[in-house]
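Positions are given from 1, in the same order as the sequence printed here.
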Amino acid sequence: MTALAHKLARLQQQAGGAPTAAPAGRRAGLSVIPVDAAPDATRATAVAAPAPPPDAHAQQIAQLRRLMGLRPGGTRPQAPSRDRTLDGEEIAPGLRCIELRQPAQPPGGELDLSELRHEPVAASRILAFDTETTGLAGGTGTRAFMIGAADWFDGSLRIRQLLMTTLAAESAMLAEFARWLADDTVLLSYNGKSYDRPLLSTRYTLARLPDPVIGRAHIDLLHPARRRWRGTWENCRLATIERQVLGVVREDDLPGSEAPAAWLSYLRGGSAEKLRRVGHHNAQDLRSLTGLLEHFVRTVP
């Protein structure tokens with residue numbers, strides 16, 4: 001009997017139990033090496049064989065599910081979809097840029113923003129922006145998978161969107177968005193001071209990139225909208241304000257709450273149909289942002 005077996009038998013006798021039978025390998029006449037007596041390499045193998053690491057794609061999906069608060073996925077893989085077409089062009093591995101233009105003129109050269117409690121600003125300096133993210137809770141675990149921006153450029157309203165199709169493209173997306181900002185650019189958003197801007201600042205910090213949005217002049221239209229219309233309608237969400245003030249009625253619009261699942265489904269090989277609708281939703285948010293700014297400018301007392 002080995003030293004280990006002697007120890008086990010002695011402990012069981014002290015506890016009032018029956019002596020332990022010889023290990024199965026010993027009964028069959030096999031050579032059994034006690035773990036305590038085995039060489040280092042053998043002991044490591046006997047204790048536990050490390051599981052093979054999952055592939056990078058599976059790791060990304062698992063990480064996204066944790067970020068979005070979803071339950072772990074099942075073992076059955078999602079069948080690849082034939083519809084994998086996305087708008088725009090790939091400007092870096094895993095990063096697409098979508099650009100739309102529609103004829104539009106700004107509501108003047110120097111905009112009177114007194115109604116917004118802001119000093120006058122040239123229309124050419126304003127950049128409206130909006131993000132689509134993996135969740136609404138914020139914090140370091142939330143990512144922006146799409147950044148949309150709109151400005152008045154060359155007789156049109158120019159809408160540009162950056163879309164990640166892989167997590168590895170985040171640094172490229174952040175760097176490209178930073179290139180869209182000039183030193184005198186003024187940001188325009190709806191609740192961006194409380195959500196979109198801090199979220200992007202966090203992502204720039206985690207990516208170890210210079211933060212181009214923190215400390216920048218910023219017009220947040222949520223606050224003047226609340227001052228003017230609080231209590232008039234059921235809420236001051238952008239979809240409500242745009243419908244009541246701008247006459248915008250969205251058709252076949254994908255709710256923002258469904259955007260994270262649409263992106264995750266695409267990363268898992270699903271259809272691109274809902275992810276394209278996320279882009280359409282984001283583009284309409286940007287149109288409404290610039291339209292609402294024009295409304296405030298044109299209704300200054």
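- Contact of the Leu221 side chain with the His295 side chain is not registered, since no non-hydrogen atoms from C-beta on lie closer than 4.5 Å.
- Residues Trp152 and Ala123 approach most closely at CE3-O, 3.9 Å, considering heavy atoms.
- Under the 3.5 Å distance criterion, the side-chain polar atoms of Thr185 are matched with a main-chain donor or acceptor of Ala182.
- Other residues, nucleotides and ligands contribute only 12 or fewer heavy atoms inside 6.0 Å of the CG atom of Asp183.
- Connection of Leu209 to Leu162 is established within a shared hydrophobic cluster, with ILVMFWY side chains joined at heavy-atom distances below 4.5 Å, either directly or through further cluster members.
- Of the listed residues (Thr133, Asn191, Thr131), just one forms a side chain to side chain donor-acceptor pair (under 3.5 Å) with Asp196, and that residue is Thr131.
- No side-chain heavy atom of Leu292 sits under 4.5 Å from any side-chain heavy atom of Glu242.
- Considering OG1 of Thr290 and CD1 of Ile159, their distance stands at 7.0 Å, rounded to 0.5 Å.
- When side chains are defined from C-beta on, Asp87 counts as touching His280, because their heavy atoms get closer than 4.5 Å.
- Looking at Thr240, its side chain never comes within 3.5 Å of a backbone N or O of Cys236 through a donor-acceptor pair.
- A pairwise comparison of heavy atoms in Gly135 and Pro260 identifies N-CG, 4.2 Å as the closest pair.
- Checked for salt-bridge contact, Arg125 and Glu119 miss the test: no charged N lies under 4.0 Å from a carboxylate O.
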Leu275 vs Glu132, test: side-chain contact (heavy atoms from CB on, under 4.5 Å). Steps then yes/no.
CA-CA 11 Å; Leu275 191 52; Glu132 303 299 332; over 6 Å; no
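- Distance alone, capped at 3.5 Å, places no donor-acceptor pair between the Asp130 side chain and the Asp285 backbone.
- Side chains of Asp220 and Arg197 form no contact here, defined as non-hydrogen atoms less than 4.5 Å apart.
- Connection of Leu181 to Ile91 is established within a shared hydrophobic cluster, with ILVMFWY side chains joined at heavy-atom distances below 4.5 Å, either directly or through further cluster members.
- Residues Glu115 and Arg228 have side chains in contact (heavy-atom distance under 4.5 Å, counting atoms from C-beta outward).
- For Leu286 against Ala149, the heavy-atom pair with the smallest separation is CD1-N, 3.5 Å.
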May I have the step-by-step check of side-chain contact (heavy atoms from CB on, under 4.5 Å) for Phe296 and Leu111, ending in yes or no?
CA-CA 10 Å; Phe296 278 114; Leu111 305 183; over 6 Å; no
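- Ser171 contributes atom OG, which lies 9.0 Å from atom CZ of Arg203 (distance to the nearest 0.5 angstrom).
- In terms of modelled atom types and a separation under 3.5 Å, the side chain of Ser288 and the main chain of Gln284 share a donor-acceptor contact.
- Looking at heavy atoms from C-beta onward, Leu113 lies in side-chain contact with Leu293 at the 4.5 angstrom threshold.
- The shortest side-chain heavy-atom distance between Ile241 and Trp233 falls under the 4.5 Å cut-off.
- Atom-to-atom distance recorded for Glu294:CD and Gln105:CD is 10.0 Å, nearest 0.5 angstrom.
- When every heavy atom of Trp263 is checked against every heavy atom of Met164, the shortest pair comes out as NE1-O, 2.7 Å.
- No side-chain heavy atom of Val278 sits under 4.5 Å from any side-chain heavy atom of Leu163.
- Rounding to the nearest 0.5 Å gives a distance of 14.5 Å between CG of Asn282 and CZ of Arg277.
- In this structure, Gly291 and Leu246 approach most closely via the heavy-atom pair O-CD2, 3.8 Å.
- The ring pair (Phe, Tyr, Trp, His ring centres under 6.0 Å) contacts involving residues 196-216 comprise nothing, where partners must be two or more places apart or lie in separate chains.
- For Arg243, the CZ atom is densely surrounded, since the number of other residues' heavy atoms within 6.0 Å is greater than 12.
- Rounded to the nearest 0.5 Å, atoms CZ (Arg216) and CG (Asp184) are 8.5 Å apart.
- Surrounding NZ of Lys193 are more than 12 heavy atoms belonging to other residues, nucleotides or ligands, all under 6.0 Å away.
- Ring pair Phe129/Phe177 is tilted by interplanar angle, where 30° to 60° counts as tilted.
- The main-chain N or O of Ser114 is found under 3.5 Å from a side-chain atom of Asp112 such that the two form a donor-acceptor pair.
- With values rounded to the nearest 0.5 angstrom, Thr165 atom OG1 is found 7.5 Å from Leu95 atom CG.
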Show your reasoning for whether side-chain contact (heavy atoms from CB on, under 4.5 Å) applies to His281 and Met146.
CA-CA 11 Å; His281 172 93; Met146 173 179 279; over 6 Å; no
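- The shortest heavy-atom contact between Trp180 and Cys97 is CZ2-SG, 4.3 Å.
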